[in-house]
Amino acid sequence: MKTKLVFATNNAHKLEEVRAILGNDYEVLSLADINLHEDIPETAGTLEGNALQKAQYVKQHFGLDCFADDTGLEVYALNGEPGVYSARYAGEGHDSEANMSKLLLKMNKKRNRKARFRTIVALIQGEDIHLFEGIVNGTIIKERRGEGGFGYDPIFVPEGYSQTLAEIGEEKNKISHRARAIAKLADFLKNKE
């Protein structure tokens, strides 16, 4: 029998990515699957805090085991910006194009273009809380490239690659920050069984 877990997201891209990574051993339910259609507040000042806040919300209101993630793009030349504000960097609209435009403008005269994507996954099973981290280092390029991916993928080239995350395609599920954090989650779940 498949283990059921709620993934505290209504983001179809994230859900598809996570279902592909966890495979057939798990039935991953979205927030919509449990009839939660509004966004869960993310008011913590850290990725860890936001991920935990979302998982705790589902656990408290629905009583279901749950995991949640929060991801930030951390740009060294901008002292870690946009970080925890990555999704709403250019405003509350979660507009990826506007977010990328703002970032590229701020990076215009910067020589150091190193950055990293960092994902934190918070899992609540029963009374236990576990955190998993995934990081991918890379560089911010000067113009968008690629049609795939979402968020900042068209302007981020991971270390060891010449293509952006938006150009890599299926390979992204193997190397992304979220993939690395979810792989740690999957290993933990498998070793617990």
Side chain proximity check, [X] to [Y], heavy atoms < 4.5 angstrom:
X    : Y    : answer
E38  : L36  : yes
F67  : L22  : yes
K14  : F7   : yes
L31  : H37  : no
K184 : F188 : no
N99  : R88  : no
V28  : K4   : no
V18  : L185 : no

Measure the spacing between [atom1] of [X] and [atom2] of [Y] and express it to the nearest 0.5 Å.
X    : Y    : atom1 : atom2 : value
L52  : K59  : CG    : NZ    : 13.0 Å
R144 : L104 : CZ    : CG    : 5.5 Å
D69  : T71  : CG    : OG1   : 4.5 Å
E74  : L47  : CD    : CG    : 6.0 Å

Determine the minimum heavy-atom distance between [X] and [Y], stating which atoms define it.
X    : Y    : result
G49  : A44  : C-CB, 3.4 Å
I168 : P158 : CD1-CG, 3.7 Å
A51  : A68  : O-CB, 3.3 Å
C66  : A55  : SG-CA, 3.9 Å
N10  : A32  : OD1-N, 3.0 Å

Show me the donor-acceptor pairs, under 3.5 Å and distance only, between side chains in residues 147-157 and residues at least two apart or in other chains.
residue	atom	partner	partner atom	Å
Y152	OH	S86	O	2.8
D153	OD2	F150	N	3.0
D153	OD2	K172	NZ	2.6

Single hit among L5, D25, T3 for side chain to side chain contact (heavy atoms under 4.5 Å, CB included) with L189: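 Testing L189 for a side chain to side chain contact (heavy atoms under 4.5 Å, CB included) against L5, D25, T3 leaves exactly one candidate, L5.
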Partner set under side-chain contact (heavy atoms from CB on, under 4.5 Å) for [X], not counting sequence neighbours:
X    : result
K174 : E171
A12  : none
T43  : P41, Q53

Lys/Arg-Asp/Glu bridge criterion (N-O < 4.0 Å) met for R19, D33: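 Salt bridge present between R19 and D33.
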CA sep, side-chain torsions, deciding dist, call: E42, V84, side chain to side chain contact (heavy atoms under 4.5 Å, CB included): CA-CA 9 Å; E42 295 179 58; V84 74; over 6 Å; no
Using a 3.5 Å distance criterion without hydrogens, assess whether the side chain of [X] forms a donor-acceptor pair with backbone atoms of [Y].
X    : Y    : result
R145 : E167 : no
D70  : V121 : no
R113 : V75  : no

hydrophobic_cluster_shared for Y76 and L78, side chain cutoff 4.5 Å: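 No, because L78 and Y76 fall into different hydrophobic clusters, even though each may have its own neighbours under 4.5 Å.
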Hphob cluster co-occupancy, M107 + L73, side-chain heavy atoms under 4.5 angstrom: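 Yes, because M107 and L73 connect within a single hydrophobic cluster, where side-chain heavy atoms sit under 4.5 Å apart.
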Can you give the donor-acceptor pairs under 3.5 Å from side chains of residues 123-143 to other protein atoms, not counting sequence neighbours?
residue	atom	partner	partner atom	Å
Q125	OE1	K192	NZ	3.0
E133	OE2	R118	NH1	3.0

Within 6.0 angstrom of F62 CZ, more than 12 heavy atoms from elsewhere: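 Counting neighbours around CZ of F62, more than 12 heavy atoms of other residues, nucleotides or ligands fall under 6.0 Å, so yes.
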Steps toward side chain to side chain contact (heavy atoms under 4.5 Å, CB included) verdict (E159, I175): CA-CA 10 Å; E159 264 180 14; I175 66 149; over 6 Å; no
L29 and L64: CA distance, side-chain angles, deciding distance, side chain to side chain contact (heavy atoms under 4.5 Å, CB included) verdict: CA-CA 10 Å; L29 304 174; L64 300 168; 5.5 Å; no
Which residues share a ring-ring contact (aromatic ring centres under 6.0 Å, His included) with Y89, sequence neighbours left out: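 Scan of Y89 (ring-ring contact (aromatic ring centres under 6.0 Å, His included), adjacent residues dropped) gives none.
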